[in-house]
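Contents: one structure, followed by commentary.
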Amino acid sequence: MIQCPRGTRDFLPDEMEKRRFYEGRLRSVAGNFGFREIETPIFEDAELFILRSGPNVLKELYAFKDKGGRDIALRPEMTAPAIRMFVNGMANEPKPIKIFYFGQCFRYERPQSGRYREFFQFGAELIGSYTPETDAEVISMAAAMIKSFGLKNYKIRIGHIGVLRQRIAEIGVPKENTAEVLQKLDKKLYEEARPLLEGMGVAAEDIDSLFELTETVGGTEVLSKVPGEAGDYLREVVSFLSAYGVDDVEIDLGVVRGLDYYTGMVFEAEAPALGAEKQICGGGSYTLSELFGGEKVFSTGFAVGFDRILLAAEKEGQAYEPKGIDAYVLSVTDDMRLKSAEIVASLRSAGISADIDIMGRKMAKALKYASAARAKYAVIVGAKEMETGSVTLRDMSSGEQKLVKAEDLPSEIAGNRF
Ligand code: HAM
């Protein structure tokens, strides 16, 4: 039996309905914040991701040559494509530009619960603005999205990659090694980071102070430890967040992010219930447009890991009940099949979701199928009732039945008049 490739999944109808339902919630939050949807190709020139995504993404890239010999990659994320799109066709639009996207991304990772090779991101980019309000706007939308899932147990941590980059430069790490060091700090691999830094000639006390900086965690009071303007900047971000009603955030200078393009504020949200793969959302401010041939433009964005936030909601005990159809039409005898077809057509054109027995089943079996299809009503078409233009309408949950004129069926069903 051929299975779907490792790290990918099929979504069966019940699961798919649930995914669309929650996707709808994210979409409505994005609209509520004034963001508009875009779509970009699923594959791009590999260069788009090679230029700045950093070593983590590079080693996980699904890249290949197409039949024309071009280097192509499946998108591992959607920020670089969104900014390429902005440079290609939106650069002259009034700023700031607020866009969002939903779609699959591909990373050649070791699959486990919450980590897939094909996964879905719901993300947003606020392009062309560099103010504390910009960052607060983006973080508060991320928070609203998490809340829209009804999640209770989650944490939003805000850091500043500029502070870390500056400290790393000050202690003498060569520029070309910065990404490697940040990668170790991101994963909190201090035992691996130490010999790496020592090998670059960094003094032991500087290594300690760098590690200490990444362990700076707490409320705004810890910002006194943040050197330079970054501390004041983050304080303002937090004030705006508070004005937006988002108070449940924590300062954490250990937020490094796995991608290389961030320049300023960075943030992550985690749902501890997920265990190892608990990061449900990540983002920050960055510049990428100048790499893709445009002017340098500051942006802030984030992406929610759609699969993970769904898992988190599930772990918190949230269940989604698939809706099912409104009506299932079945014939008591074979001679009623054409009549049933007319009835199902009239229901459908009245906007009622309706299905029909097309297998000529006996009534008991057809009713069983109707209940598996979660039909709210069964419409039973019998010759005797038809003599007066009526059918039997059966409420599938109570089993209650009544005679209804065929022409009244749409209003009976839509009006739920049992
Ligand atoms: P990221 O942190 O690499 O950021 O990915 C965003 C989210 O996607 C993660 O927080 C996680 O929930 C989810 N995710 C990542 N890899 C996997 C995987 N293998 N399986 C399941 N879920 C996964 C970005 O991609 C940035 N583009 C976010 C951003 C937008 N920054 C600025 N704008």
Side-chain angles (χ1 to χ4, degrees), residues 3-33 35 37-39 42 60 62 74-79 82 99-125 138-157 246 248-249 257-259 267-283 301-324 374:
Q3 307 279 357
C4 62
R6 194 166 140 76
T8 68
R9 292 151 298 159
D10 296 318
F11 301 112
L12 276 58
D14 280 355
E15 177 69 11
M16 202 58 212
E17 188 180 318
K18 169 177 154 185
R19 290 174 72 89
R20 287 284 184 230
F21 171 80
Y22 281 107
E23 179 196 328
R25 288 200 173 172
L26 297 182
R27 242 171 232 293
S28 86
V29 173
N32 195 232
F33 275 74
F35 283 72
E37 187 170 10
I38 58 153
E39 189 156 296
I42 282 185
E60 293 166 356
Y62 269 94
L74 301 183
R75 60 185 184 201
E77 57 110 32
M78 294 198 259
T79 303
I99 51 177
F100 78 89
Y101 46 77
F102 176 67
Q104 54 264 78
C105 298
F106 305 85
R107 296 184 191 176
Y108 195 81
E109 303 205 67
R110 202 168 49 77
Q112 62 189 73
S113 165
R115 198 207 279 170
Y116 312 98
R117 289 183 174 168
E118 183 193 38
F119 61 99
F120 288 72
Q121 283 191 350
F122 195 109
E125 312 295 340
V138 167
I139 298 169
S140 68
M141 181 158 93
M145 287 189 170
I146 296 169
K147 287 201 181 91
S148 80
F149 267 62
L151 275 195
K152 289 181 196 73
N153 193 8
Y154 65 89
K155 200 191 266 177
I156 298 176
R157 299 176 300 126
V246 180
D248 50 355
V249 295
R257 309 286 299 121
L259 292 148
F267 74 104
E268 286 177 354
E270 59 186 47
L274 292 181
E277 303 302 321
K278 62 184 176 194
Q279 199 195 112
I280 51 172
C281 166
F302 71 94
V304 169
F306 186 65
D307 312 276
R308 286 192 193 168
I309 195 169
L310 272 175
L311 272 179
E314 223 168 81
K315 287 243 156 86
E316 285 197 2
Q318 286 191 47
Y320 174 81
E321 253 325 295
K323 280 206 272 303
R374 298 189 182 82

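Note that the structure is a prediction, hence the values are computed from the model and not measured.
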The complete set of side-chain hydrogen bond (donor to acceptor under 3.5 Å, both in side chains) pairs with one or both residues in residues 99-113, sequence neighbours excluded, reads Tyr101-Glu125, Gln104-Glu118, Gln112-Glu277
Between Pro272 and Asn153, is there a side-chain heavy-atom distance shorter than 4.5 Å? yes
Looking at Arg20 and Glu23, is any side-chain nitrogen of the basic one under 4.0 Å from a carboxylate oxygen of the acidic one? yes
Which residue, Glu270, Arg308, Glu268, forms the side chain to side chain donor-acceptor pair (under 3.5 Å) with Gln279? Glu268
Mind checking the OH-CD spacing from Tyr320 to Glu15? Nearest 0.5 Å is all I need. 11.0 Å
Using side-chain heavy atoms (C-beta onward) and a distance below 4.5 Å, is Phe35 in contact with Val29? no
For the atom pair CD1 (Ile38) and CE (Met78), what is the distance rounded to the nearest 0.5 Å? 8.5 Å
What's the separation between atom OH in Tyr22 and atom CZ in Phe149, rounded to the nearest 0.5 Å? 7.0 Å
State, to 0.1 Å, how close Ala271 and Ala312 come at their nearest heavy-atom pair, and which atoms those are. CB-CB, 3.8 Å
Inter-residue atom distance Arg27.CZ - Ser148.OG, 0.5 Å rounding: 12.5 Å
Looking at CD1 of Ile146 and CD1 of Ile280, how far apart are the two atoms once the value is rounded to the nearest 0.5 Å? 4.0 Å
Looking at OG of Ser140 and CE of Met145, how far apart are the two atoms once the value is rounded to the nearest 0.5 Å? 10.5 Å
Any side-chain heavy atom of Arg117 sitting closer than 4.5 Å to one from Pro5? no
Would you list the pairs meeting side-chain hydrogen bond (donor to acceptor under 3.5 Å, both in side chains) in which at least one residue belongs to residues 4-13, sequence neighbours left out? Arg9-Asp307
Taking side chain as C-beta onward, heavy atoms only, is Cys105 less than 4.5 Å from Phe119? yes
Taking Glu316 for its side chain and Gln318 for its backbone only, find out whether a donor-acceptor pair lies under 3.5 Å. no
If the plane angle is over 60° it's perpendicular, under 30° parallel, otherwise tilted; pick one for Phe11 and Phe120. perpendicular
Tell me whether Lys18 is salt-bridged to Glu314, with the criterion being a basic N under 4.0 Å from an acidic carboxylate O. yes
Counting only heavy atoms not in Glu39, do more than 12 sit closer than 6.0 Å to its CD atom? no
What's the shortest heavy-atom distance between Met141 and Ala124, and which atoms? CE-CB, 3.4 Å
Decide if atom NZ of Lys147 counts as having more than 12 heavy atoms of other residues, nucleotides or ligands within a radius under 6.0 Å. yes
For Phe302, give me all partners under ring-ring contact (aromatic ring centres under 6.0 Å, His included), at least two apart in sequence or on another chain. none
Ring-plane angle category for Phe102 and Phe306, please: parallel below 30°, perpendicular beyond 60°, tilted otherwise. perpendicular
Does a side-chain heavy-atom distance below 4.5 Å link Val138 with Phe33? no
Heavy-atom nearest pair, Ala303 first then Gln121, reads CB-OE1, 3.5 Å
Which heavy atom of Phe267 sits nearest a heavy atom of Ala142, and at what distance? CE1-CB, 3.7 Å
